[in-house]
Asks: 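My questions all concern the structure below.
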Amino acid sequence: MEVIIRSDAEGAATLVARIIAQELRANPHLVLGLATGRTMESVYRVLVRMHRKEGLDFSLCRTFNLDEYVGLAPEDPHSYRHYMNEHLFRHVNLDVRNTHLPNGRAPDLDAECRGYEAAIARFGGIGLQLLGIGQAGHIGFNEPLSAFRSRTRVKTLAPLTLQQNAEFFGGEDRVPRRAITMGVGTILESRRSVLLATGAGKAEIIATAVEGPITAMISATALQLHARCTVVVDESAAHRLAGSEYYRRIFATEPEWEEFRRLD
Ligand code: F6R
């Protein structure tokens, strides 16, 4: 795992967008795992700008989102399909047939989950998985006690997640109780993962996820087992990290990060 600290949220989101762009240019057929939520909005804003100004090409790229609420139709304004259309898909040259989200209205949810895993496998697995982190440490909707070997399945949302997402639905009791989510095992199999967290509200959980003991109570700690995970944070989200001096030195000196340093 490596941790990159940027001075502010915009800088952190821009770095994540640059990592995605670098991977996409190296492999136009990239299978890109996507996340939703407030934090990701700035990443998508930068990607849209890069598409318009630098011609970043998504035409051959395939995407798989982490999750979708059970019971919401794709056209529902609260659905993650709608979020993705609004924030990314309709602004870039992604072929909508190449974009995948679980269908929260599938008549057979277990079959839907199995089919989602099969589709990921058919395209050779996720090349780069984008991740956010919830206050309780979930990645995707892998709530506390999610098995580290879990695959795409239906999860019941934890009370803190319902609270966190209440504002989008106009009250906690209106938030769907269940979601389809990629499993922790699905996420761990991605070839590269990038987790973005910004703001003081994420400082505690980031320190726990990155430097704390591995536990199924906090799904994000599983990323310590990921073959190649980059955690990108702003100063506010970094302030509880014990090893930040070391993390800063890696970004400042390692050749891998040279082209990103030049953007500062
Ligand atoms: C959603 C997802 C979630 C969010 C997390 C953080 O697709 O994967 O794990 O990334 O809940 O959400 P925000 O960014 O709204 O704090």
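Both counts, for ligands and for their atoms, begin at 1 and track the order of listing.
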Asks: May I ask you to decide whether Arg81 forms a salt bridge with Glu86, counting only side-chain N to carboxylate O separations under 4.0 Å?
Replies: no
Asks: Using 4.0 Å as the upper bound for N to carboxylate O, is an ion pair formed by Arg151 and Glu189?
Replies: yes
Asks: For this output row, return yes or no: ring centroids of Tyr116 and Phe64 closer than 6.0 angstrom.
Replies: yes
Asks: Using 4.0 Å as the upper bound for N to carboxylate O, is an ion pair formed by Arg240 and Glu235?
Replies: no
Asks: Mind jotting down which residue pairs meet the salt bridge (Lys or Arg N to Asp or Glu O under 4.0 Å) criterion with at least one end in residues 11-33? Sequence neighbours excluded, please.
Replies: Arg18-Glu54, Glu23-Arg192, Arg25-Glu54
Asks: Any salt bridge between Glu143 and Lys155, counting N to O under 4.0 Å?
Replies: no
Asks: Could you give the N/O to N/O pairs under 3.5 Å linking ligand 1 and the protein, each with its distance?
Replies:
unit_1: ligand 1; atom_1: 7 (O); unit_2: Thr36; atom_2: N; d: 3.0
unit_1: ligand 1; atom_1: 7 (O); unit_2: Thr36; atom_2: OG1; d: 2.7
unit_1: ligand 1; atom_1: 7 (O); unit_2: Asp67; atom_2: OD1; d: 2.7
unit_1: ligand 1; atom_1: 7 (O); unit_2: Asp67; atom_2: OD2; d: 3.3
unit_1: ligand 1; atom_1: 8 (O); unit_2: Asp67; atom_2: OD2; d: 3.4
unit_1: ligand 1; atom_1: 9 (O); unit_2: His138; atom_2: NE2; d: 3.4
unit_1: ligand 1; atom_1: 9 (O); unit_2: Gly140; atom_2: N; d: 3.4
unit_1: ligand 1; atom_1: 9 (O); unit_2: Gly140; atom_2: O; d: 2.8
unit_1: ligand 1; atom_1: 11 (O); unit_2: His138; atom_2: NE2; d: 2.7
unit_1: ligand 1; atom_1: 11 (O); unit_2: Gln164; atom_2: NE2; d: 3.3
unit_1: ligand 1; atom_1: 14 (O); unit_2: Arg38; atom_2: N; d: 3.3
unit_1: ligand 1; atom_1: 14 (O); unit_2: Thr39; atom_2: N; d: 2.9
unit_1: ligand 1; atom_1: 14 (O); unit_2: Thr39; atom_2: OG1; d: 2.4
unit_1: ligand 1; atom_1: 15 (O); unit_2: Arg38; atom_2: N; d: 2.9
unit_1: ligand 1; atom_1: 15 (O); unit_2: Arg38; atom_2: NH1; d: 2.8
unit_1: ligand 1; atom_1: 16 (O); unit_2: Lys202; atom_2: NZ; d: 2.8

